[in-house]
Amino acid sequence: MRVSRLMLVTLRDVPAEAEITSHQLLLRGGFIRRVGSGIYAYLPMMWKVLQRITTIIREEMNRAGALETLLPQLHPSELWQRSGRWQGYTAGEGIMFHLEDRQGRELGLGPTHEEVITSLAGEMLRSYRQLPVNLYQVQTKFRDEIRPRFGLMRGREFIMKDAYSFHADETDLQATYSAMDRAYRRIFDRCGLEAVPVDADSGAIGGAASQEFMVTAEAGEDLILISDDGAYAANQEKAVSLPDAVAPLTAAPLNCLETPGQSTIEELCSAQGWQPGQLVKVLLLLAVLEDGQQQPMLVSLRGDQELNDVKLVNAVGRRTEQSVLDCRPINADDLQRQGIDNIPFGFIGPDLADEVLASASSWTRSFLRLADTTATELEQFHCGANAEDQHRSHCSWGDLGGAPEGEDLRKARAGERCVHNPDARLQEKRGIEVGHIFQLGRKYSQALDCCFTNENGRDEPFWMGCYGIGVSRLAQAAVEQHHDDAGIRWPAAIAPYEAIVVIANIQDEAQTRLGETVYATLQQAGIDVLLDDRKERAGVKFKDADLIGIPWRLVVGRDAAAGSVELVQRSNREMRKLPHGEAIDELLQALRP
Ligand code: ATP
Ligand code: MG
């Protein structure tokens with residue numbers, strides 16, 4: 001391809017709309033253009049990158065025995081009503097774009113395809129003899145993200161590979177899950193990406209295994225914790241650790257004391273000489289459940305710990321057996337709107353009585369009480385006294401009418417000891433989630449009542465797995481991981497072109513002639529090669545070649561008359577002057593070993 005015909009529009013300046021390097025470079029290199037918030041055009045070079053990634057994904061999915069398919073993007077609302085997800089995905093902060101057709105029927109634009117595929121499987125896979133089946137597609141997904149940002153990283157329209165597998169039993173599901181794990185490692189490896197598999201949250205359905213693949217990068221939106229012995233890695237949403245030990249209080253009788261204005265842990269500790277880990281703090285939150293219930297909650301944690309929101313939402317889901325649409329702190333305005341005026345913020349204890357909710361206008365009038373194990377395991381502790389400016393010291397759970405059941409609700413943090421090996425410690429890294437594999441179990445097949453007949457002739461819901469890769473996000477993550485000050489350094493396997501021949505001065509006949517010869521030779525050898533034949537200064541062409549990140553560059557310049565060229569490798573900027581025949585051989589050797 002000739003660069004003069006490539007519609008190449010590169011930008012020298014950093015576009016104001018782009019915060020992170022990969023987004024800036026893709027815009028500057030003419031790979032993408034923003035059309036609207038979270039909506040991007042993939043320009044021809046970007047499309048080539050995406051197709052090369054897709055080819056690798058296809059090869060590995062096919063190798064693992066999966067079947068390619070293509071499902072509709074318009075989803076009738078009934079399907080999502082049946083799974084119980086329509087409300088959660090369309091109301092409030094729901095991310096499904098939805099619309100009405102001319103007959104007034106509601107439709108959603110597919111953000112994911114569990115509903116569509118499960119109902120199809122239920123119609124077509126009638127017997128255990130047809131199982132297992134693993135279906136995948138590569139397709140544009142739509143999600144009305146609350147904060148679309150960072151270009152292709154979090155778009156509202158993006159390309160995903162999604163796969164769904166159906167099994168007669170859990171063991172078979174686990175086998176396919178492992179096969180997908182292996183396929184994913186090969187895919188990321190072949191794409192030239194360093195991706196770390198981490199334990200991931202699986203929602204309120206306990207037991208189901210789930211793993212994310214994270215490209216480690218400063219710009220990543222996810223926080224991951226990795227043990228320094230290399231044996232454990234998890235998304236912070238899911239990560240566990242051993243909490244730091246705290247000095248136990250010397251036993252003393254319960255005492256109520258005046259703590260005027262000391263409503264935070266820091267204020268209390270500095271005024272009373274306490275340590276944060278000797279306190280139980282109580283957070284007041286509100287959960288909105290799928291049936292519309294607004295449930296106030298009291299969550300107790302040891303004073304030096306932080307609440308993990310994902311663990312909390314899962315715990316609430318388990319307790320209420322409902323999906324949790326929203327979970328947030330309660331503030332003074334909320335209380336005022338409910339007509340509640342007797343909750344002493346900053347002085348709440350775990351035993352705050354349900355009576356304070358008696359006047360609530362729309363909330364449930366009793367608290368859901370949850371506690372982290374770090375709090376329930378304390379023999380004695382200090383806590384709020386449920387009255388303005390008062391705390392209790394040397395309290396025990398017995399004094400409060402018994403301890404609630406303790407569960408893991410805290411954030412694991414860097415520096416803490418690991419559960420699998422107390423000698424190892426957690427380290428923190430940021431990651432970009434490029435893939436996610438998930439043992440769904442029977443959640444969707446049960447909800448949609450999709451069954452097969454098992455060996456004993458009885459109907460049973462399928463065991464299911466699902467496996468996603470963010471194709472467009474992966475492409476940008478590759479740039480985030482592979483770039484330098486001059487531009488992108490595409491890994492060879494996914495680069496838009498394999499090589500670029502740059503004619504330094506197209507007015508020089510010897511240069512043009514040799515450039516064309518080299519270009520034709522490489523094309524004949526099957527190399528996907530660019531020829532920079534533009535009437536531009538050599539410096540401009542070199543800058544562009546660096547920016548767009550083609551792995552190999554062959555410069556035909558002053559030594560063209562003598563038949564010599566420069567061969568430059570983009571990744572390390574190593575440059576060698578060689579007779580053009582040798583340069584071509586070297587290049588073929590590198591690209592087609
Ligand atoms: P995230 O936590 O980043 O919002 P998710 O867990 O909702 O992602 P999945 O439903 O697991 O995403 O989708 C599979 C893959 O699709 C993700 O691993 C990610 O790589 C990609 N992906 C998800 N949302 C987006 C988006 N808005 N833009 C680009 N890629 C996305
Ligand atoms: Mg995910």
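All values derive from a computational prediction rather than experimental measurement. These numbers come from the heavy atoms of this one structure, side chains and all, not from hydrogens, waters or symmetry mates.
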Between [X] and [Y]: side-chain donor-acceptor atoms closer than 3.5 Å:
X	Y	value
Gln211	Asp181	yes
Tyr164	Asp162	yes
Glu106	Ser77	no
Asp201	Asn235	no
Gln236	Asp222	no
His75	His98	no
Tyr40	His23	yes
Tyr136	Thr69	no
Asp228	Gln427	no
Thr453	Asp459	yes
Gln24	Ser22	no
Thr364	Gln293	yes
Ser362	Gln338	yes

Before giving the answer on salt bridge (Lys or Arg N to Asp or Glu O under 4.0 Å), spell out for Asp423 and Arg417 the whole-Å C-alpha distance, their side-chain angles and the decisive distance to 0.1 Å. CA-CA 7 Å; Asp423 290 331; Arg417 290 170 305 134; over 6 Å; no

Work out which heavy atom in [X] is nearest to a heavy atom in [Y]; give both atom names and the distance.
X	Y	result
Arg147	Arg154	O-CD, 3.3 Å
Leu125	Phe462	O-CZ, 3.4 Å
Val324	Val313	CG2-O, 3.7 Å
Met45	Pro496	O-CB, 3.6 Å
Ile53	Cys191	CG2-SG, 4.3 Å
Cys450	Gly122	CB-CA, 3.8 Å

For Leu50 and Ser472, what are the C-alpha separation, side-chain angles and deciding distance, and is it a side chain to side chain contact (heavy atoms under 4.5 Å, CB included)? CA-CA 7 Å; Leu50 293 168; Ser472 42; 4.2 Å; yes

Could you give me the CA-CA distance, side-chain angles and deciding distance for Asp334 and Arg328, then say whether salt bridge (Lys or Arg N to Asp or Glu O under 4.0 Å) is met? CA-CA 11 Å; Asp334 296 322; Arg328 61 176 177 83; 3.0 Å; yes

Is the shortest heavy-atom distance from the side chain of Arg302 to the side chain of Val280 under 4.5 Å?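 Arg302 vs Val280: side chains apart.
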
Per the side-chain contact (heavy atoms from CB on, under 4.5 Å) rule, which among Leu370, Leu307, Val282 passes with Leu301?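 That would be Leu307; it is the only one of Leu370, Leu307, Val282 passing the side-chain contact (heavy atoms from CB on, under 4.5 Å) with Leu301.
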
State plainly whether the residues [X] and [Y] are in salt-bridge range, i.e. N to O under 4.0 Å.
X	Y	value
Lys311	Glu237	no
Glu498	Arg592	yes
Glu416	Arg425	no
Arg182	Glu60	no
Arg190	Glu59	yes

Tell me, with the steps shown, if Thr112 and Glu114 meet side chain to side chain donor-acceptor pair (under 3.5 Å). CA-CA 6 Å; Thr112 178; Glu114 284 83 3; 2.7 Å; yes

Centroid separation under 6.0 Å, is that true for the rings of [Y] and [X]?
X	Y	value
Trp490	Phe31	yes
His436	Tyr184	no
Tyr89	Trp80	yes

For the atom pair CD (Glu157) and CZ (Phe97), what is the distance rounded to the nearest 0.5 Å?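 One gets 8.5 Å once the value is rounded to the nearest 0.5 Å.
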
Can you check side chain to side chain contact (heavy atoms under 4.5 Å, CB included) on Arg473 and Ile432, steps first, answer last? CA-CA 8 Å; Arg473 181 184 285 183; Ile432 302 164; 3.8 Å; yes

Start with the C-alpha gap between Arg85 and Glu115, add the side-chain angles, then the distance that decides, and say whether side chain to side chain contact (heavy atoms under 4.5 Å, CB included) holds. CA-CA 9 Å; Arg85 291 210 290 181; Glu115 278 74 2; 2.7 Å; yes

From CA spacing to verdict: salt bridge (Lys or Arg N to Asp or Glu O under 4.0 Å), Lys48, Asp528: CA-CA 11 Å; Lys48 291 196 71 170; Asp528 199 4; 2.5 Å; yes

Any chance you could lay out the side chain to side chain donor-acceptor pair (under 3.5 Å) test for Ser83 and Tyr444, step after step, and finish with the verdict? CA-CA 7 Å; Ser83 71; Tyr444 292 96; over 6 Å; no

Taking Lys161 for the side chain and Gly470 for the main chain, is one N or O donor matched with an acceptor at less than 3.5 Å?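 No, because the side chain of Lys161 does not come within donor-acceptor range (under 3.5 Å) of the backbone of Gly470.
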
Check against ring pair (Phe, Tyr, Trp, His ring centres under 6.0 Å), Phe213 and Phe188: CA-CA 9 Å; Phe213 290 82; Phe188 300 126; 5.4 Å; yes

Pair Glu306-Arg413, salt bridge (Lys or Arg N to Asp or Glu O under 4.0 Å): steps then yes or no: CA-CA 9 Å; Glu306 285 168 73; Arg413 291 180 292 213; 3.0 Å; yes

